[in-house]
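In what follows, every heavy atom counts, from backbone to side chain, and hydrogens, waters and symmetry copies are set aside.
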Amino acid sequence: MTKRFQSITNKTAPAVAIAVVLLIWYVCSDREVIPAYMLPSPGQVARAFAGNFQIMLKQACVTLQEACIGLLIGVALAFVIAVLMDRFELLYKALYPILVITQTIPTIAIAPLLVLWMGFGMAPKITLVVITTFFPIVIGLLDGYKAVDPDTVNFMRAMGANRIQIFRHIKFPSALKSFYSGLKISASYAIVGAVVSEWLGGFEGLGVYMTRVKKAYAYDKMFAVIVFISAISLILLGLVALLEKLSMPWENENSESNERKRI
């Protein structure tokens with residue numbers, strides 16, 4: 001009974017946490033702890049969200065296009081780099097510090113340079129998304145490749161398997177869980193990277209729309225855009241989680257059996 005109660009509590013905890021945050025937000029705005037023009041109430045944000053939904057949806061199409069294209073390129077680039085770094089130890093030692101350095105540079109500093117070099121089109125936005133998304137996937141794949149049991153690899157070699165067969169049947173399946181962990185992080189980074197790049201140069205997108213409403217001091221619309229961006233990020237994370245379940249059915253069976261044991 002206690003375990004079942006804990007299971008129900010774990011499932012309802014996110015909803016309770018969100019409700020508490022909304023309650024605190026409502027009290028702060030209602031009591032004017034923070035001036036209303038700086039912190040609009042949840043009701044004002046909801047009305048702004050409903051009234052500007054069509055505009056935000058139109059701008060989101062541009063941002064999503066930039067984020068999805070950049071994420072796909074980032075995944076492909078990360079896969080190639082991870083395979084090469086796993087195959088060649090010298091390349092691993094040479095590239096790993098460079099990959100780390102690319103993540104220490106703030107995106108807010110890179111974006112203006114990309115706009116200067118590539119113009120105000122989609123190219124600098126997609127490039128920034130690639131820069132911000134490929135690193136978690138590379139690290140996830142490398143960790144998965146390194147975690148392979150050496151005895152299993154040696155057994156496959158003794159059976160006459162070549163490198164491609166070892167990679168296909170041993171290394172890649174073992175790296176899938178780490179890959180999806182990195183992909184979940186990258187999916188959320190993709191939207192943020194696209195919005196940041198639009199702040200600093202562009203004609204369309206949620207970042208441009210946020211800049212416009214900020215200059216108009218329409219903070220209710222500003223909060224509505226933030227909620228909208230968060231919702232898009234959560235949808236992308238949900239899609240990645242669904243893809244993970246479909247491509248790793250054995251993990252679902254293990255998690256279900258563990259859940260039954262706990263109950």
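Proximity of L71 to L183: side-chain heavy atoms (C-beta onward) are separated by under 4.5 Å at one or more points. The side-chain heavy atoms of I73 and I69, taken from C-beta on, include a pair separated by under 4.5 Å. At a threshold of 4.5 Å between non-hydrogen side-chain atoms, the residues M56 and F49 count as touching. Within the 4.5 Å cutoff, side-chain heavy atoms of C28 are placed close to those of I24.
Qualifying salt bridge (Lys or Arg N to Asp or Glu O under 4.0 Å) partners for D86, counting only residues two or more places apart in sequence or in other chains: K171. With sequence neighbours excluded, the residues that form a side-chain contact (heavy atoms from CB on, under 4.5 Å) with S174 are V148. Partners of C61 under the side-chain contact (heavy atoms from CB on, under 4.5 Å) rule, at least two apart in sequence or in another chain, do not exist in this structure. Residues that satisfy the side chain to side chain donor-acceptor pair (under 3.5 Å) test with Y209, not counting sequence neighbours, are N52. F88 pairs by the ring pair (Phe, Tyr, Trp, His ring centres under 6.0 Å) definition with nothing, not counting sequence neighbours.
Without hydrogens or angle criteria, W25 side chain to P40 main chain gives a donor-acceptor distance under 3.5 Å. Side chain of Q65 to main chain of V62: no donor-acceptor pair is present (N/O by atom type, distance under 3.5 Å, no hydrogens or angles). With hydrogens and angles disregarded, no donor-acceptor distance shorter than 3.5 Å links the side chain of T133 to the backbone of S186.
Scanning both residues, P136 and I185, for their nearest heavy atoms gives CG-CG2, 4.1 Å.
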Taking only distance into account, with no hydrogens and no angle test, what donor-acceptor pairs under 3.5 Å do side-chain atoms of residues 215-243 form with protein atoms, sequence neighbours excluded?
from: S230; atom 1: OG; to: I226; atom 2: O; distance (Å): 3.0
from: S233; atom 1: OG; to: I229; atom 2: O; distance (Å): 3.1

Ignoring hydrogens and angles, write down the donor-acceptor pairs under 3.5 Å from the side chains of residues 154-162, residues two or more places apart or on other chains.
from: N154; atom 1: ND2; to: P150; atom 2: O; distance (Å): 3.2
from: N162; atom 1: OD1; to: I164; atom 2: N; distance (Å): 3.2
from: N162; atom 1: OD1; to: Q165; atom 2: N; distance (Å): 2.8

Show me the side-chain donor-acceptor pairs of residues 190-201 shorter than 3.5 Å, one per line, residues at least two apart or across chains.
from: S197; atom 1: OG; to: G193; atom 2: O; distance (Å): 3.2
from: S197; atom 1: OG; to: A194; atom 2: O; distance (Å): 2.7
from: E198; atom 1: OE1; to: T63; atom 2: OG1; distance (Å): 3.1
from: E198; atom 1: OE1; to: L206; atom 2: N; distance (Å): 3.2
from: E198; atom 1: OE1; to: G207; atom 2: N; distance (Å): 2.8
from: E198; atom 1: OE2; to: T63; atom 2: OG1; distance (Å): 3.0

Please output the side-chain donor-acceptor pairs of residues 138-145 that fall under 3.5 Å, not counting sequence neighbours, one pair per line with the distance.
none

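Hydrophobic clustering of Ile, Leu, Val, Met, Phe, Trp and Tyr side chains at less than 4.5 Å, counting indirect connections, keeps I137 apart from L84. Linking Ile, Leu, Val, Met, Phe, Trp and Tyr whenever their side-chain heavy atoms come within less than 4.5 Å leaves L113 and I126 in two separate clusters. There is a path of hydrophobic side-chain contacts, each under 4.5 Å, that joins V45 to L22. A chain of hydrophobic side-chain contacts below 4.5 Å, direct or via other Ile, Leu, Val, Met, Phe, Trp or Tyr residues, connects F53 to L64. The cluster map of Ile, Leu, Val, Met, Phe, Trp and Tyr, joined by side-chain heavy atoms under 4.5 Å apart, puts V100 and Y92 in the same cluster.
Within the structure, side-chain hydrogen bond (donor to acceptor under 3.5 Å, both in side chains) contacts touching residues 108-132 (residues at least two apart or in different chains) do not occur. Residue pairs meeting the ring-ring contact (aromatic ring centres under 6.0 Å, His included) criterion with at least one member in residues 125-144, sequence neighbours excluded, do not occur.
Taking the six-membered ring where the residue is Trp, F79 and F172 present perpendicular rings, their angle passing 60° and hence far from 30°.
Grouping Ile, Leu, Val, Met, Phe, Trp and Tyr residues whose side-chain heavy atoms lie under 4.5 Å apart, directly or via other members, leaves I101 alone, with no other cluster members.
Comment: E204 does not engage K58 in a salt bridge, judged by the lack of any side-chain N to carboxylate O separation of less than 4.0 angstrom.
The distance from atom NZ of K184 to atom OG of S188, rounded to the nearest 0.5 Å, is 11.0 Å. Expressed to the nearest 0.5 Å, how far CD1 of I110 lies from CD1 of I131 amounts to 5.0 Å.
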